[in-house]
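One structure below.
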Amino acid sequence: MSEPLRWQRNASTLSLSGMLDRDTLLALWHERETAMLDVATIDVGALDRVDSAGLALLVHLREIARAQGSTPVFTGINDKLQSLITLYNLQQIIVSAEKIA
């Protein structure tokens with residue numbers, strides 16, 4: 001059984017923690033529009049695991065923010081998530097704030 005996905009808004013940051021996978025993402029999927037209002041940063045540093053479905057949700061969250069007028073950056077990308085991003089050739093979409101600075 002996967003650990004539940006948790007998310008929290010703090011100013012313009014959406015922080016995700018737990019597992020972001022096909023078994024846990026449904027609750028965030030239902031709240032995605034509200035969760036992404038005025039988000040400039042998506043913090044994934046506290047995620048323990050992300051699968052390809054979770055990665056697809058991250059891409060979708062970014063696109064929701066873009067439709068609302070902002071292009072969020074991601075913080076806390078670990079080596080495993082970076083490998084998944086590279087595997088799917090999403091480096092231009094899932095942009096790390098650390099690489100911009």
Atom pair CD/OG of Q82 and S96 - distance to nearest 0.5 Å: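 So the gap between those two atoms works out to 7.0 Å.
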
Mind checking whether [X] and [Y] sit in one hydrophobic cluster, side chains of I, L, V, M, F, W, Y counted as touching below 4.5 Å?
X   : Y   : answer
L90 : L20 : yes
L81 : V73 : no
Y88 : L57 : yes

Nearest heavy-atom neighbours spanning I93 and F74: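 The pair with the smallest heavy-atom distance is O-CE1, 4.3 Å.
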
For L16 against A46, the heavy-atom pair lying closest together: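 For L16 versus A46, the nearest heavy atoms are O-CB, 3.6 Å.
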
Any side-chain heavy-atom pair of [X] and [Y] under 4.5 Å:
X   : Y   : value
M19 : L47 : no
S15 : W7  : no
L5  : L26 : no

Listed once per pair and sorted, the ring pair (Phe, Tyr, Trp, His ring centres under 6.0 Å) pairs that draw on residues 36-55, sequence neighbours left out: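 Found none.
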
Sequence neighbours excluded - ring pair (Phe, Tyr, Trp, His ring centres under 6.0 Å) pairs with any residue from residues 37-57: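 Listed once each, the pairs would be none.
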
Pair up each side-chain donor or acceptor in residues 27-42 with any protein partner under 3.5 Å, not counting sequence neighbours, and list the distances.
| from | atom 1 | to | atom 2 | distance (Å) |
| --- | --- | --- | --- | --- |
| R32 | NE | H60 | NE2 | 3.4 |
| R32 | NH1 | W29 | O | 2.5 |

Among V44, L25, L84, I77, the one residue meeting side chain to side chain contact (heavy atoms under 4.5 Å, CB included) with L58: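 Single pass found, and it is V44.
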
Which residues share a side chain to side chain contact (heavy atoms under 4.5 Å, CB included) with D51, sequence neighbours left out: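 Side chain to side chain contact (heavy atoms under 4.5 Å, CB included) check on D51 returns D21, R22, R49, A53.
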
Residues that E63 engages under side chain to side chain contact (heavy atoms under 4.5 Å, CB included), provided they are two or more places apart: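 For E63 the side chain to side chain contact (heavy atoms under 4.5 Å, CB included) partners, ignoring immediate neighbours, are R66.
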
Summary of salt bridge (charged side-chain N to carboxylate O under 4.0 Å, His left out) pairs that have at least one residue in residues 70-84, sequence neighbours excluded: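 Residue pairs with at least one partner in residues 70-84: there are none.
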
